[in-house]
Amino acid sequence: MTRKVQLPIRICTAFTALLASFLLSGAPAHAQETQGVQRMYVLNCGESETNDLSAWSPGVNIGKHWEFSDSCYLIRHAKGLLLWESGVSDAIAAMPDGFVVGNGRLTLHVRKTLRSQLQELGISPADVTHLGFSHFHGDHVGNANLFTAATLYIQQAEYDAAFGPDPSKFGFNPAFYNKLRDSTVMKLDGDHDVFGDGSVMIYSTPGHTPGHQSLLVRLRHTGPVLLSGDAVHFRENWQNRRVPARNFNKEQSLASMDKLAAILVREHATLWINHDKEQTDTLAHAPAFLE
Ligand SMILES: [Zn+2]
């Protein structure tokens with residue numbers, strides 16, 4: 001009698017445990033790939049708006065209101081957890097009217113903090129093992145100081161500008177990232193294969209800043225995705241090869257856009273433009289993920 005009752009309970013408990021582990025991991029353990037990129041999350045790392053888009057497209061779009069997205073990407077690879085970009089500072093979430101920068105040119109908003117989005121995924125900042133930014137402007141390194149446990153991947157030229165004697169000359173604010181000064185740093189001089197298997201490639205794309213870089217992520221089902229950083233800000237600028245006014249070196253920027261275009265063709269990759277809200281709105285965001 002007792003046995004008849006207990007057996008189903010035990011089975012039920014085992015099933016519940018299995019179900020719980022499935023729900024927590026998002027997939028049964030045996031389905032996790034043991035190599036390459038397992039999944040990528042797109043995180044909403046802020047939004048911004050301007051009343052004059054022409055600052056990003058000199059001579060065009062004068063007085064045009066525009067909204068930009070600001071994305072971060074969390075990439076789970078068999079060998080580590082890479083955060084690419086850290087968005088606008090979480091501190092701005094407490095400001096209901098947002099935060100105005102660039103002499104009123106741009107208003108930044110944070111609807112949901114990066115920390116809370118990671119928390120929802122069961123990830124603490126200390127779990128991030130690899131860290132990279134397309135560049136060191138404040139809307140990309142806003143939460144950089146959270147990730148001191150990670151190895152930082154940065155171009156030597158960007159490092160010299162950001163951690164050198166005059167970061168403000170490049171539009172950088174060390175308050176956002178000065179805790180990374182003591183991090184393990186991989187200083188790069190060109191393209192770099194992050195995990196050594198070709199699945200995540202950093203491409204040097206200078207111009208917007210001295211050591212700007214873009215990221216190619218090979219997703220098993222989605223295919224290769226090329227993350228632009230600020231090599232371009234929105235589709236119309238990409239199609240017309242326009243360089244924004246606030247930019248380090250125009251010639252380098254144009255050459256970097258040509259380099260990205262060649263990578264797209266060679267790798268049959270899709271370009272994801274970080275600040276292109278129209279495109280970003282079509283992407284599945286965390287807790288959903290891409291494989
Ligand atoms: Zn920028």
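We count residues from 1, following the sequence as given. Atom set for the values below is all heavy atoms of this structure, side chains included, hydrogens, waters and symmetry mates excluded. All ligand and atom numbering here is 1-based and tracks the order in the structure. Here the structure is a predicted model, which is why all the values come from computation and not from measurement.
- If you look at H137 and ask which of its N, O or S atoms sits nearest the Zn ion (ligand 1), the answer is ND1.
- For the Zn ion (ligand 1), the N/O/S atoms of H208 include one lying under 2.8 Å.
- Judged by distance alone, the side chains of E236 and N61 do bring a donor and an acceptor atom under 3.5 Å apart.
- Ring geometry for F289 against Y41 counts as perpendicular: the plane angle is over 60°, on a 0 to 90° scale with 30° as the lower cut.
- For residue D230, an N/O/S atom approaches the Zn ion (ligand 1) to within less than 2.8 Å.
- Under the side chain to side chain contact (heavy atoms under 4.5 Å, CB included) rule, S86 has a single partner from N143, L131, D139, which is N143.
- Between F68 and H233, the angle of the ring planes goes over 60°, which puts this pair in the perpendicular group of the 30/60° scheme.
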